[in-house]
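Indexing begins at 1, ligand by ligand and atom by atom, following the structure's order.
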Amino acid sequence: MKLWAGRFSKEADKKTNDFNSSISFDSRMFKEDIDGSIAHATMLSEQGIISVEDKESIVSELAKIKEEIIDGNLPIDPDAEDIHTFIEGELTRRIGQAGKRLHTARSRNDQVALDIRLYLKKECTALISQVKELEKVIAMQSEKYADVVMPGYTHLQRAQPITFGHHLLAYGEMFLRDIGRLEDAYKRMDYCPLGSGALAGTTYPLNRERTAELLGFTGPTQNSLDGVSDRDFCIELASAISILMMHLSRFSEEIIMWCSWEFKFIELDDAFSTGSSIMPQKKNPDIAELVRGKAGRVYGDLMTLLAFMKGLPLAYNKDMQEDKDAIFDAVDTVKLCLTAFIPMIETMTVLPNNMKKAALGGFINATDCADFLVSKGLPFRDAYKATGELVALCIEKGITLDVLPLEDYKEICDLFDEGVYDAISLERCVSMRTPLGSPCPDNVRKQSANLLEKIK
Ligand code: ARG
């Protein structure tokens, strides 16, 4: 029998019932639903709205129900309309009259808004610690490879020399911003909607500050219509997660490239790669590819949330039941991705010789060669042109700048001397890049320590 059976003369059609039901995806909020009800009943009794005896029997039975669900001794009825209905029904079945008093001054509209906030607050906290775990691994790896020279790219063309540690720390910065966004989303979801009722508050003398306090919120929400119809916190979290997934996806793309024979900058641990059913030589970076792909799925979740909220009149509308599937999927997906991604980065083998080999080709020291001429007093534009001619000459001869004879240098610009070979050596090119945020090994070591400090 439905909660709202009184007004209706027949039971809902079975298929309609299934269509309407949210139990298949909201039952995961059973703890939050029970915690919310315990706080609500406590406040109701403190305010003299229900008796202390009723409150006690509600609270102790709800605690039992929670334990039983956790232990698997109370299966959640898949035919229930939603988790709120199921728990209230079970409570009433067990304690009778007192159970029927629990829903005084409450609606499922403020109840569900509360449950999602409580659930997502926990998930948000867990996600922040997971991203911090990733940061620890990045800090560890960047410190380890602070000195390893590799080509830095623009347009996927070798551009200038950097260090592998520096490259990794770029992701460290992105994930720091992700942590900031998640913390920020948390702050705004940390308000308790309970007491908003169905939409118009209630006539009972509630103490909304008290319920908020009992549930660990910063405070109550300020407008009953907004309290039940706001899903910004889902959208904000989904967008923070989408940006995080975008970073994971870019990182994955690089991992995939670095694993290819064309690069061979790294090798993934066997535990984080897969083989091919037909090609015996293959070792595929499936984890990274899946993470890259799942970013699209999470963007879809964000779009779902934005799209169904668009144009909804105040206050609650059933469209909003779609929030849970979308935001839970986004949260589950990013957590799953991180669970596989973190140890993949932690266990990868870095191949410094291959990075160095790639760095030696592609004239990535050309800017430094031009800078050498600048140090001899030539204006940069002229130095740039002279170096361009040198590169063309090298290409013609099939060699690189470091082995081009000094006579050739001098022929193009007589300001060159023996010193140029040291000036364009890759080690020097990176070690001279010392200003804040640049790739020299000392900076990398300092910044990986800073990163650890920031996530404390
Ligand atoms: N299952 C519903 C949801 O997730 C709970 C709220 C139901 N409220 C209502 N007025 N039908 O949104």
Side-chain angles (χ1 to χ4, degrees), residues 1-8 10-37 39-40 69 76-92 100 102-123 189 191-202 211 215 221 223-235 237-238 301 304-332:
M1 189 121 97
K2 287 280 171 289
L3 281 177
W4 30 269
R7 165 141 180 17
F8 288 76
K10 30 173 169 164
E11 288 280 305
D13 166 69
K14 165 85 175 104
K15 287 201 183 95
T16 307
N17 203 47
D18 291 347
F19 179 66
N20 194 47
S21 158
S22 54
I23 193 82
S24 63
F25 48 87
D26 67 17
S27 57
R28 64 161 85 192
M29 305 191 300
F30 74 89
K31 283 188 204 148
E32 291 72 23
D33 195 75
I34 290 174
D35 293 345
S37 290
H40 181 63
I69 299 178
I76 293 173
D77 177 7
D79 290 327
E81 186 179 341
D82 52 36
I83 190 64
H84 329 294
T85 314
F86 172 73
I87 289 169
E88 193 188 324
E90 184 62 24
L91 179 72
T92 304
K100 294 190 199 165
L102 169 62
H103 210 55
T104 314
R106 188 175 70 169
S107 156
R108 275 184 300 161
N109 296 353
D110 55 353
Q111 190 176 357
V112 72
L114 169 74
D115 292 3
I116 315 170
R117 283 174 189 255
L118 283 174
Y119 183 86
L120 292 182
K121 273 175 53 171
K122 284 187 208 159
E123 291 291 323
M189 73 173 71
Y191 289 89
C192 182
L194 217 52
S196 302
L199 74 158
T202 97
T211 327
L215 290 166
T221 55
N223 178 292
S224 64
L225 296 170
D226 183 53
V228 290
S229 69
D230 165 36
R231 294 293 182 273
D232 290 4
F233 57 95
C234 296
I235 297 174
L237 180 58
D301 293 326
T304 300
L305 290 161
L306 284 169
F308 80 71
M309 284 300 288
K310 173 187 170 297
L312 285 191
L314 296 183
Y316 178 84
N317 299 271
K318 187 78 169 190
D319 317 42
M320 291 161 69
Q321 178 167 286
E322 290 290 306
D323 59 356
K324 286 168 281 300
D325 239 359
I327 189 63
F328 294 164
D329 184 72
V331 170
D332 293 349

- For K310, look at atom NZ and say whether over 12 heavy atoms of other residues, nucleotides or ligands are found less than 6.0 Å away. no
- Item | side-chain contact (heavy atoms from CB on, under 4.5 Å) involving E123 - partner list, sequence neighbours excluded | Y119, V331, K335
- Query: Is D110 reaching over with its side chain to a backbone N or O of G197, donor-acceptor style, under 3.5 angstrom?
  - Reply: yes
- Option among N109, D230, L312 that satisfies the side chain to side chain contact (heavy atoms under 4.5 Å, CB included) test with M320: L312
Please produce the table of protein N or O atoms sitting under 3.5 Å from N or O atoms belonging to ligand 1, one pair a line, distance to 0.1 Å.
{"from": "ligand 1", "atom 1": "1 (N)", "to": "S22", "atom 2": "OG", "distance (Å)": "3.0"}
{"from": "ligand 1", "atom 1": "1 (N)", "to": "D82", "atom 2": "OD2", "distance (Å)": "3.4"}
{"from": "ligand 1", "atom 1": "1 (N)", "to": "Q321", "atom 2": "OE1", "distance (Å)": "2.7"}
{"from": "ligand 1", "atom 1": "4 (O)", "to": "K324", "atom 2": "NZ", "distance (Å)": "2.5"}
{"from": "ligand 1", "atom 1": "8 (N)", "to": "N109", "atom 2": "OD1", "distance (Å)": "2.9"}
{"from": "ligand 1", "atom 1": "10 (N)", "to": "N109", "atom 2": "OD1", "distance (Å)": "3.1"}
{"from": "ligand 1", "atom 1": "12 (O)", "to": "Y316", "atom 2": "OH", "distance (Å)": "2.5"}

- Message: My understanding is that only residues two or more places apart in sequence, or in another chain, count here; which of them pass side-chain contact (heavy atoms from CB on, under 4.5 Å) with S22?
- Response: F25, D26, D82, Q321
- Using side-chain contact (heavy atoms from CB on, under 4.5 Å) as the criterion, list what pairs up with A307, not counting sequence neighbours. none
